[in-house]
Amino acid sequence: DQQVKQNSPSLSVQEGRISILNCDYTNSMFDYFLWYKKYPAEGPTFLISISSIKDKNEDGRFTVFLNKSAKHLSLHIVPSQPGDSAVYFCAAGGTSYGKLTFGQGTILTVHP
Amino acid sequence: DTEVTQTPKHLVMGMTNKKSLKCEQHMGHRAMYWYKQKAKKPPELMFVYSYEKLSINESVPSRFSPECPNSSLLNLHLHALQPEDSALYLCASSRGPGAGQPQHFGDGTRLSIL
């Protein structure tokens, strides 16, 4: 049972345009959501997070939106840069519980 | 540069060998984690240590044995592994054990079982 789903295995965008990565979850107990970026041969790098009491969190070029009623979150990257090309994982968990559940990942390619 | 250091980066071992993976962090984090990641799959949680005590074991086979000697170190002892255990093993740490504390990952140990 996949509790966190990223339905798009890959996404290709032009440099300077917006990248939108999507994530859906099924477990109503999740109250904290994170996005990680992963380059080949490196571990995941934390990007941005959001708790269930918010619907938006922004950090520079990265914005995460949370729609609790739809159990959906998205990561917006504006403007996209070639260095953003990586695998992006959505993760979810409970604030007081250590386990994170990851989505399958989306490969983002930003073309110059 | 990652602040979570994992050694070795690569390990090849036979099914009868005993080896250990090591993870170190000096960020003062009090929660540490082991994950397993197969190719083209997401990381899967194995163990969580909170304040140097094992708090979560995700039904991992006993051929994997975690150890947390102090708040900066986390080991994973391996014995009698199977070929299907070949994977990337990731260590992570966070300030506290809740998901509200982002986890910071090392670059992993690529393990191959012959």
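Given the structure is predicted, the values throughout are model-derived calculations rather than measurements.
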Relative to chain B, which segment of A/L34 carries a heavy atom at a distance below 4.5 Å: side chain, backbone, both, or neither?
side chain
Would you mind checking which part of A/A41 comes under 4.5 Å of any heavy atom in chain B, side chain (CB onward), backbone (N, CA, C, O), both or neither?
backbone
Considering all heavy atoms, the nearest [X]-[Y] contact:
| X | Y | result |
| --- | --- | --- |
| A/P44 | B/L90 | CD-CD1, 3.9 Å |
| B/P43 | A/F89 | CD-CE2, 4.3 Å |
| B/P42 | A/G103 | CB-O, 2.9 Å |

Grouping I, L, V, M, F, W and Y whenever their side-chain heavy atoms are under 4.5 Å apart, do [X] and [Y] come out in a common cluster?
| X | Y | answer |
| --- | --- | --- |
| A/V78 | A/I20 | yes |
| B/L11 | B/I113 | yes |
| A/F65 | A/F33 | no |
| B/L81 | B/F47 | yes |
| A/L108 | A/I18 | no |

Write out the donor-acceptor pairs between chain B and chain A under 3.5 angstrom, atom names and distance to 0.1.
{"from": "B/E58", "atom 1": "OE1", "to": "A/K99", "atom 2": "NZ", "distance (Å)": "2.9"}
{"from": "B/P97", "atom 1": "O", "to": "A/G98", "atom 2": "N", "distance (Å)": "3.1"}
{"from": "B/A99", "atom 1": "N", "to": "A/G94", "atom 2": "O", "distance (Å)": "3.0"}
{"from": "B/A99", "atom 1": "N", "to": "A/T95", "atom 2": "O", "distance (Å)": "3.3"}
{"from": "B/A99", "atom 1": "N", "to": "A/Y97", "atom 2": "O", "distance (Å)": "3.1"}
{"from": "B/G100", "atom 1": "O", "to": "A/Y32", "atom 2": "OH", "distance (Å)": "3.3"}
{"from": "B/Q103", "atom 1": "N", "to": "A/Y36", "atom 2": "OH", "distance (Å)": "3.1"}
{"from": "B/Q103", "atom 1": "O", "to": "A/Y36", "atom 2": "OH", "distance (Å)": "2.8"}
{"from": "B/Q103", "atom 1": "NE2", "to": "A/G98", "atom 2": "O", "distance (Å)": "3.3"}
{"from": "B/D107", "atom 1": "OD1", "to": "A/G43", "atom 2": "N", "distance (Å)": "3.0"}

By the salt bridge (charged side-chain N to carboxylate O under 4.0 Å, His left out) test, which pairs, at least two apart or in different chains, include something from residues 100-112 of chain A?
none
Can you tell which of B/L88, B/L45, B/I56 has the highest number of heavy-atom pairs within less than 4.5 Å of chain A?
B/I56
Heavy atoms of other groups near B/M27 CE, more than 12 under 6.0 Å
yes
